[in-house]
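Notes for the one structure printed next.
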Amino acid sequence: MSPSMYRTPLSEVPAFLPLLSFSIFSALFGTYAYPFPAAFIISLLASVGWAALGTGHPNRSSLQVSAVLLVLTFLGLFYISFVISRGDEPPRTVHERGTVLSARKWGREASALVKSASGVFVLRLDAGSGIRTGDVVEFSGVSVPFKRARASREFDERLYWLAKGASSAVQVSSCKAAGRSLGPAAWRDSLSRRISEVLPPRTAGYALASLTGERDEILSELHRSVGTSHILAVSGFHVGIAFAVCWFFMKRFRFRLYAISAAIWLYVLLAGASPSSLRAAFMIEIMIAGRVVGRLGNGFNSACAAGSAMLLANPWLFWDIGWRLSMLAVLAITALARSELSRPVKAALASPLAWLATSVQAAWTFGSVPLAGLAANFLSLPAFAILFPVSWILSLPALLGIPGGSAASAVAEFLFERWEVLSLNILVLFPWETSFSNWLVLLCAPALTYFFAGASGFSQTRAAFASGISLAGVFLLL
Amino acid sequence: MIRLEDGAKKWALGIGGAACLIAAFLLVSAFHGNFADKGPAPVAPDEFAEDRGQGQASGREDGKWVVYVTGAVMSPGVYEVPAGSRVLDAVAGAGGFSSNADPEAINLAERIEDEAHIKVPRKGEAKAQGEASQAARPSGVQAGTSGAAARPAASSKQAGASARININRATADEMLALPGIGPKLSQAIVSYREQNGPFATPEGLMEVRGIGAKRFESLKDLVSVKD
């Protein structure tokens with residue numbers, strides 16, 4: 001009897017089951033308007049089926065874990081349905097005081113996400129309002145529901161803001177700054193201004209992206225065309241680099257795990273607390289907690305647990321493209337990490353697998369996915385794992401106003417310029433794009449199912465069987 | 001009671017699990033398309049959001065009313081709203097209030113009717129004219145008026161439809177009206193023009209660092225190289 005016979009989805013990755021149920025339920029109930037009982041039963045059938053198919057050697061503890069998971073999933077599904085079915089808040093007059101969590105251009109106007117005592121609002125402002133991230137503002141106006149999408153691929157303003165925690169928009173009749181807050185939003189704004197003032201353009205763009213979560217529009221276009229947009233969105237990759245940097249500097253420190261944990265949350269808050277960075281921070285917390293209690297980490301299960309917890313905290317995240325792509329990529333990579341392949345093979349497969357995992361969703365949302373991403377990601381992940389920390393260190397003297405600091409930041413600029421040339425050359429070599437197609441879905445769904453099944457403790461035969469069911473099911477639906 | 005051996009349990013679980021998964025797929029397939037597809041796409045990341053925020057009503061469906069929304073809204077025009085809607089729904093359909101709207105001068109809760117004309121007053125407009133309440137009240141549809149004709153340049157996409165922006169003359173501020181063009185890119189276009197001379201064709205925009213084929217695709221119908 002091989003040890004793998006004792007590995008089951010319930011013992012290996014119990015958190016995958018609620019995540020699977022929550023995701024299927026959200027898609028059916030939220031997107032496709034299935035009645036609650038139908039969505040509920042289908043999502044539970046999928047999870048129970050997955051657990052049963054993957055359990056090669058049932059035992060008493062499997063039953064206990066199943067019971068606990070089933071209860072948790074039940075409660076979670078009821079909660080998600082409650083949040084999703086809650087209607088928009090009726091219009092009302094608001095007179096509030098709050099902190100601007102983020103302020104940005106919105107079409108020809110501006111919008112500000114403001115947290116006040118009675119909730120989070122989106123203020124619609126004139127482009128020249130001068131309201132900045134980190135300001136404390138006093139505003140009054142009428143709260144109105146967000147605009148909904150009319151067609152299936154149209155941008156849905158309501159979902160966009162609900163995923164960010166806002167409850168309604170406010171048509172502002174008056175809004176004035178009443179000071180600056182002392183929280184992370186104000187630090188982010190100050191850092192952003194300092195970066196823009198003293199660093200050369202590429203270094204500033206990458207520093208803004210990695211440290212404050214702001215997108216430089218020129219770099220965004222470049223990375224989008226090469227298929228490496230994720231480099232500019234603070235995600236697990238960036239949090240992982242921050243973790244590695246903290247680990248390097250604190251490895252001799254007695255309470256390093258606690259210090260690293262605090263530093264990671266500080267970084268995530270400073271960088272705008274995007275869903276993907278929060279997910280990564282949750283994963284690191286779970287890993288650290290595992291070390292504290294003497295249990296080895298399981299990246300795949302941690303990713304599932306973080307994803308499930310985030311969906312329970314804010315079910316609207318399911319419709320956030322950043323959250324979806326981040327979850328798919330991290331599940332693929334952590335599933336690969338749990339496979340029995342050799343390290344060099346895993347390293348070689350990580351980038352193509354992450355591309356494969358996210359390609360269907362990305363192609364559906366953006367219309368197409370550049371094939372250059374396959375090659376560019378192969379290089380970009382290791383390159384930026386070095387470029388980011390190196391550029392942070394090289395930018396520090398200029399940011400602190402130390403004489404000669406600009407010379408150090410010029411070195412970072414040179415390195416980023418070389419990367420830009422290289423990525424444009426990759427684009428010349430691979431100019432093709434793949435658009436959304438049924439073939440792409442038929443390729444990706446069984447492949448991902450196989451990897452996820454492997455990571456969940458399925459035997460190879462059962463993983464192949466699950467993959468076959470997935471292929472047949474997708475074929476049926478398409 | 002029948003007691004299953006380990007091997008039999010293993011098989012029973014496997015077959016039961018597969019049956020559950022197949023049943024789930026069959027149920028999804030059976031219900032597919034039976035319910036009103038709310039159809040929200042996953043939310044696009046930040047850089048796309050600002051350009052996609054303003055949509056238009058598409059084809060007419062049964063049980064829908066057609067209303068004409070003008071004044072201080074993001075996208076004035078003719079819109080379909082569900083029967084029984086209120087002013088609020090029509091305003092939301094037109095992209096919401098624009099920044100110069102006076103939200104307290106219009107009764108958002110008022111019921112509307114098919115063929116209504118809703119005009120949202122601008123700040124100070126209602127007071128100046130002393131007719132805020134009338135402005136909010138639905139009036140009969142105006143024959144021969146189309147949403148597209150009434151649309152002002154407030155919406156960046158619609159601005160392009162009626163008057164293209166001349167990229168050889170426009171200032172950096174003026175180019176901010178183009179979708180996907182922020183302060184950095186508009187400045188980059190101006191700098192490129194100053195260094196390399198006027199653009200011979202709109203396609204020349206793709207020479208500017210930061211404008212690729214995809215972004216140009218969304219700009220090509222909105223820009224020109226001469227007046």
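Just so we're on the same page: letters track the sequence lines, and every chain starts at 1.
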Verdict with reasoning, B:Arg209 to A:Leu219, per side-chain contact (heavy atoms from CB on, under 4.5 Å): CA-CA 9 Å; B:Arg209 182 171 169 260; A:Leu219 290 182; 3.8 Å; yes
Nearest non-hydrogen partners of [X] and [Y], listed with the distance:
X       : Y        : answer
B:Phe25 : A:Leu476 : O-CD2, 4.2 Å
A:Leu45 : B:Ala23  : CD1-CB, 4.1 Å
A:Gly49 : B:Cys20  : CA-CB, 3.4 Å
B:Gly14 : A:Leu53  : O-CD1, 3.5 Å
B:Val28 : A:Tyr34  : O-OH, 2.9 Å
B:Ala24 : A:Ala46  : CB-N, 4.2 Å

Quick check on the interface: out of [options], who has the most heavy-atom pairs with chain B under 4.5 Å?
options                                : answer
A:Glu433, A:Glu420, A:Arg124, A:Gln171 : A:Gln171
A:Val142, A:Leu222, A:Val48            : A:Val142
A:Asp216, A:Leu28, A:Val474, A:Leu125  : A:Asp216

Heavy-atom side-chain contact between A:Val144 and B:Leu108 under 4.5 Å: yes
Region of A:Ser43 that comes under 4.5 Å of a non-hydrogen atom in chain B: neither
Contacting moiety of A:Phe146, where chain B heavy atoms sit under 4.5 Å: neither
From CD1 (A:Ile42) to CZ (B:Phe31), nearest 0.5 Å: 6.0 Å
Contact part of [X] toward chain A, heavy-atom cut-off under 4.5 Å: side chain, backbone, both or neither?
X       : value
B:Ile15 : neither
B:Ala18 : both
B:Leu88 : side chain
B:Leu27 : both

